[in-house]
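Single-structure report; data block below.
Below, chains carry the letters A, B, ... as their sequence lines are ordered, and counting in each starts from 1. Only a predicted model underlies this, so the values are computations on that prediction, with no experimental measurement involved.
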Amino acid sequence: MSLYQNNELRIYNSMNGEKEVFQSITEGRIGMYVCGPTVYSNVHLGNCRTFISFDMIFRYLKHLGYKVRYVRNITDAGHLTDDADQGEDKISKKARLEKIEPMEVVQQYTIDFHTVMKQFNAFPPSIEPTATGHIVEQIEIIKTIIDNGYAYEKNGSIYFDVVKFNKDHHYGKLSGRNLEDMMANSRELAAQSDKSNPADFALWKKASPEHIMRWPSPWGDGFPGWHLECTVMSSKYLGETFDIHGGGMDLKFPHHECEIAQGEAAHGHSPVNYWMHANMLTLNGQKMSKSTGNSILPVELFTGDNDFMQKAFSPSVVRFFMMQAHYRSILDFSNDAILAAEKGFNRLTEAMKLMNQLPISKTSSVDVASWKSKCYAAMNDDFNTPILVAELFDAVKMIHTINDGNATITKEDLDDLSTGMNAFFYDILGLQNAQEETGGSLNKGLDGAMKLIIDLRATARANKDWSTSDKIRDELAAAGIALKDGVDGTSYSVE
RNA sequence: GGUACCAUGGCCGAGCGGCUAGGCAUGGGUCUGCAAAACCUAGUACAGCGGUUCGAAUCCGCUUGGUACCUCCA
């Protein structure tokens, strides 16, 4: 019996704004698609929040025993700098500016993205398809949409006919808009546009002679529109209707709206059962954005080399910081907030170490079973990680109370607690402790050396040679190593 | 201008009709050669103004402030 059979998972569906009991299309299996990055620059921390949120969701679904096929694309073509006809493909533009091949741009930033995701301990998706790898499929679906009467050709480009589509379907249902309002309130029209209506969007763009990224098509050389790749790749790998589609909140309109339109225009039915949107990470109260300079790169955070934070933070601390907020809430990133998260995180990892050496009793005065069920209840309620974290701190308190002899626990319960803590901390929240992050082996030599130093200092202290013992402590502190004199001896921690 | 969303104690951040969220910081205490760390413990907040209700941070209305989308954005 799998866990999902006795856990009622509820997911907030952006389509109707309600938490719904999750039911997969195929028993025990889930298809999940998440819009990936456009690889024309380094991913910043805001981009990462979305992928970390969905990594947590992926992890919990797997934990519940589902077989999840998680598809996350790499956009390596077709993402225009703007929606006007003179709009340039972002990757082409970068390649032109740096005088390199577009695929060099793609390769460089794809590698960067993977590196960062690995640092954040995010699982790779099951399939990571690229737009350029699916040009043939995109051309095919355009033909289908044209055949179904929802697209038209103009000067070698193909546009989706939103007005026509809206007569038979509702364009705007995900983002709560309707076409009439949008047309009435749209900003100045691009007068020179080939579109018959400003709300229409490109499925295929004709390539100008100097455009490097181009593919042959029935309509001449060109490149695909941005929205199309997700429709094509999700339906190819997950089917015409699949369980979960995720992405950043900012993709809700127009990107996801267009995906729905394309799916319905091509296949005649809705492509997705549950739409999930991760909210934005802000910096100084403003959305992170590369173009405005209001963004921070993960590497700048890990090294401390940035203008916003007073010190460096490890990937797990950053991840933990994100997990302390709900994925649907806007989260503001600040020095004070991450500093507070780091302290809490350390307290959590220390307690987990302590958990492994707790005294065993014949009876338990703590209720591990109910603790565990509260953890599951939190996650089952639309992946409420902040509540889960609060429960984890409840367990921290439990561990200390037992350690202090004010509560007791049986071997069975302790095993249960330990299994639970490890599952939620490592497997589901995807956190790691400091040793794991640095690879563990690095600390071995240091451990030996520190043991020697601590022994020498213990001898000095036993001889009441305070000047020596304080000199050791102070100079180590200056070197970034803090000594902690506990009841059971001295331990150390590296900043 | 249009459409959403949000305003919670010093800070971050859950809750969304009745019960202490949690973390950080702060005060008090235990421990300690001193210090740090660790642990224990204290604090009762929901933008403003009306309304609904036996009861509202939680529902409704208005006001004020903020953010996002409507161009590219995770």
Side-chain angles (χ1 to χ4, degrees), chain A residues 17 34-38 40-41 43-54 79-84 87-88 90 172 175-178 181-188 190 199 226 246-255 257 277-282 285-292 295 320-321 324-326 328-348 350-351 354 378 381 384-394 396-397 400-401 403-404 406 461 464-466 469-470 473-474 477 482-488 490-493:
Chain A
V34 173
C35 294
T38 303
Y40 73 106
S41 67
V43 285
H44 64 240
L45 197 64
N47 298 316
C48 295
R49 209 255 276 210
T50 298
F51 304 125
I52 290 170
S53 293
F54 283 102
H79 206 155
L80 302 183
T81 50
D82 61 63
D83 199 34
E88 197 173 359
K90 280 192 169 180
S175 52
R177 295 156 206 250
N178 65 67
D181 289 350
M182 282 191 273
M183 283 163 59
N185 294 303
S186 66
R187 296 201 180 143
E188 296 159 42
W226 171 40
M249 199 72 107
D250 50 353
L251 297 185
K252 207 171 180 180
F253 188 91
H255 186 236
E257 208 68 77
H277 290 96
N279 219 137
M280 300 292 102
L281 183 72
T282 60
Q286 302 280 133
K287 180 182 166 181
M288 276 200 205
S289 153
K290 190 135 201 291
S291 50
T292 61
S295 69
F320 178 74
F321 167 76
Q324 278 193 300
H326 190 93
R328 279 192 289 114
S329 298
I330 292 170
L331 176 61
D332 191 52
F333 196 76
S334 67
N335 188 253
D336 286 354
I338 187 79
L339 224 40
E342 184 179 50
K343 291 195 175 161
F345 177 78
N346 288 150
R347 209 156 77 80
L348 198 48
E350 288 302 314
L354 188 61
D381 184 16
N384 199 323
T385 55
I387 298 271
L388 174 64
V389 170
E391 297 300 342
L392 258 31
F393 278 105
D394 248 29
V396 169
K397 192 157 192 169
H400 289 311
T401 312
N403 189 242
D404 294 346
N406 295 322
R461 291 178 72 204
K464 297 198 193 299
D465 179 5
W466 308 129
S469 75
D470 288 354
R473 185 174 69 196
D474 294 347
L483 290 181
K484 300 169 189 176
D485 296 327
V487 187
D488 309 320
T490 303
S491 61
Y492 75 96
S493 64

Exercise. Between G22(B), C69(B), U41(B), which nucleotide gets closest to the side-chain atoms of Gln324(A)?
Worked result: G22(B)

Problem set entry | Side-chain N or O of Lys287(A) closer than 4.0 Å to phosphate OP1/OP2 of C69(B) | yes

For this session: Quickly work out the Asn384(A) CG to G13(B) P distance and round it to whole Å.
Result: 14 Å

Seminar exercise, completed: Side-chain contact check for His326(A): nearest option of A14(B), G2(B), A74(B) is A14(B)

For this session: Nearest whole angstrom, please: distance from the P of C72(B) to the CH2 of Trp226(A).
Result: 7 Å

For this session: Figure out the CG/P separation between Leu251(A) and U71(B), and round it to whole Å.
Result: 15 Å

Exercise. Considering only heavy atoms and no angle criterion, is a donor-acceptor pair shorter than 3.5 Å present between the side chain of Asn279(A) and the base of A74(B)?
Worked result: no

Exercise. Between Phe321(A) and Phe333(A), does the ring centroid distance fall short of 6.0 Å?
Worked result: yes

For this session: Could you pull out the closest heavy-atom pair between Ser175(A) and Glu257(A), with the gap in Å?
Result: OG-OE1, 2.6 Å

For this session: Would you kindly check if the NZ (Lys) or CZ (Arg) of Arg347(A) is within the cone defined by 45 degrees around the ring axis of Phe393(A) and under 6.0 Å from the six-membered ring centre?
Result: no

Exercise. Quick check: does any side chain N or O of Asn178(A) sit under 3.5 Å from a backbone N or O of Asp181(A), one acting as donor and the other as acceptor?
Worked result: yes

Problem set entry | Side chain of Gln286(A) (C-beta onward), nearest among U67(B), C24(B), A74(B) | U67(B)

Exercise. What does Gly247(A) touch in the nucleic acid at a heavy-atom separation under 4.0 angstrom: a base, only the sugar-phosphate, or nothing?
Worked result: sugar-phosphate

Problem set entry | Same-atom distance (C1') from C59(B) to U20(B), integer angstrom | 24 Å

Exercise. If you look at every strand shown and take non-hydrogen atoms under 4.0 Å, does Ala325(A) touch a base, only sugar-phosphate, or nothing?
Worked result: sugar-phosphate

Problem set entry | Asp336(A) CG - G10(B) P separation (whole Å) | 15 Å

Seminar exercise, completed: Intra- and inter-strand pairing of RNA chain B, written as dot-bracket with Watson-Crick and G-U pairs under 3.5 Å and | for the latter, reads (((((((..(((.....[...))).(((((.......)))))....(((((..]....))))))))))))....

Problem set entry | Interatomic distance where CD belongs to Glu391(A) and C1' belongs to G15(B) [whole Å] | 13 Å

For this session: Measure from the ring centre of Phe51(A) to the centre of the six-membered ring in the base of A74(B), then say whether that distance is under 5.5 Å and the planes meet at under 30°.
Result: no

For this session: Measure from the side-chain heavy atoms of Lys484(A) and tell me the nearest of C70(B), A37(B), A74(B).
Result: A37(B)

For this session: Can you tell me, in whole Å, how much space there is between the C1' of G28(B) and that of U53(B)?
Result: 41 Å

Exercise. Parallel, tilted or perpendicular for His255(A) and Trp226(A), by the 30°/60° rule?
Worked result: parallel

Problem set entry | Distance-only side-chain donor-acceptor flag, Ser329(A) / Asn279(A), under 3.5 Å | no

Exercise. With respect to the side chain of Asp181(A), which nucleotide from G2(B), U67(B), A14(B) is positioned closest?
Worked result: G2(B)

Exercise. Taking atom types as they are modelled, is there a donor-acceptor pair under 3.5 Å from the base of G13(B) to the side chain of Ser329(A)?
Worked result: no

Exercise. Which of the following nucleotides, C72(B), A68(B), A21(B), is nearest to the side chain of Pro254(A)?
Worked result: C72(B)

Exercise. Does any N or O in the side chain of Thr385(A) come within less than 3.5 Å of the main-chain N or O of Leu388(A), such that one atom is a donor and the other an acceptor?
Worked result: no

Exercise. In terms of side-chain geometry, is the basic nitrogen of Asp470(A) or Arg473(A) positioned less than 4.0 Å from the acidic oxygen of its partner?
Worked result: yes

Exercise. Which one, A14(B), C69(B), A74(B), comes nearest to the side chain of Arg177(A)?
Worked result: C69(B)

Exercise. Hey, are Asp485(A) and Thr490(A) close enough side-chain-wise for a donor-acceptor pair under 3.5 Å?
Worked result: yes

Problem set entry | Under-3.5 Å donor-acceptor pair between Arg473(A) side chain and A36(B) base | no

Exercise. Given atom CG of Asn403(A) and atom P of C39(B), what is their separation to the nearest angstrom?
Worked result: 10 Å

Exercise. For every nucleotide of nucleotides 26-32 of chain B, 5' to 3': is a protein heavy atom under 4.0 Å from its base (B), only from its sugar-phosphate (S), or from neither (-)?
Worked result: -------

For this session: Looking at every strand, decide which applies to Asp485(A) at a 4.0 Å heavy-atom threshold: base, sugar-phosphate, or nothing.
Result: base

Exercise. What integer number of Å spans the C1' atoms of G13(B) and G9(B)?
Worked result: 12 Å

Problem set entry | side-chain N/O Arg347(A) vs C24(B) OP1/OP2, d < 4.0 Å | yes

Problem set entry | Separation between the C1' atoms of G17(B) and C11(B), rounded to whole Å | 29 Å

Seminar exercise, completed: Testing G33(B), U41(B), A74(B) for proximity to the side chain of Lys397(A), the answer is U41(B)

For this session: Inspect the surroundings of NZ in Lys252(A) and state if more than 12 heavy atoms from other residues, nucleotides or ligands are less than 6.0 Å away.
Result: yes

Problem set entry | Whole angstrom value for the distance that separates P of C6(B) from CG of Leu281(A) | 18 Å

Exercise. Does a distance-only test, which skips hydrogens and angles, find a donor-acceptor pair under 3.5 Å between the side chain of Asp470(A) and the base of G33(B)?
Worked result: yes

For this session: Look only at the side chain of Asp332(A) and the backbone of Gly285(A), and say whether a donor-acceptor pair between them is shorter than 3.5 Å.
Result: yes

Problem set entry | Contact under 4.0 Å: Lys343(A) side-chain N or O vs A25(B) OP1/OP2 | yes

Problem set entry | Inter-nucleotide P distance (C16(B), A35(B)), Å rounded | 45 Å

Problem set entry | Min side-chain heavy-atom separation Gln324(A)-Pro386(A) under 4.5 Å | no

Problem set entry | Candidates G23(B), A21(B), C40(B) - which lies nearest the side chain of His400(A) | C40(B)

Problem set entry | Atom-pair distance (CG on Leu339(A); C1' on C12(B)), nearest Å | 12 Å

Exercise. What nucleic acid atoms does Asp332(A) come within less than 4.0 Å of, heavy atoms only: base, sugar-phosphate, or nothing?
Worked result: sugar-phosphate

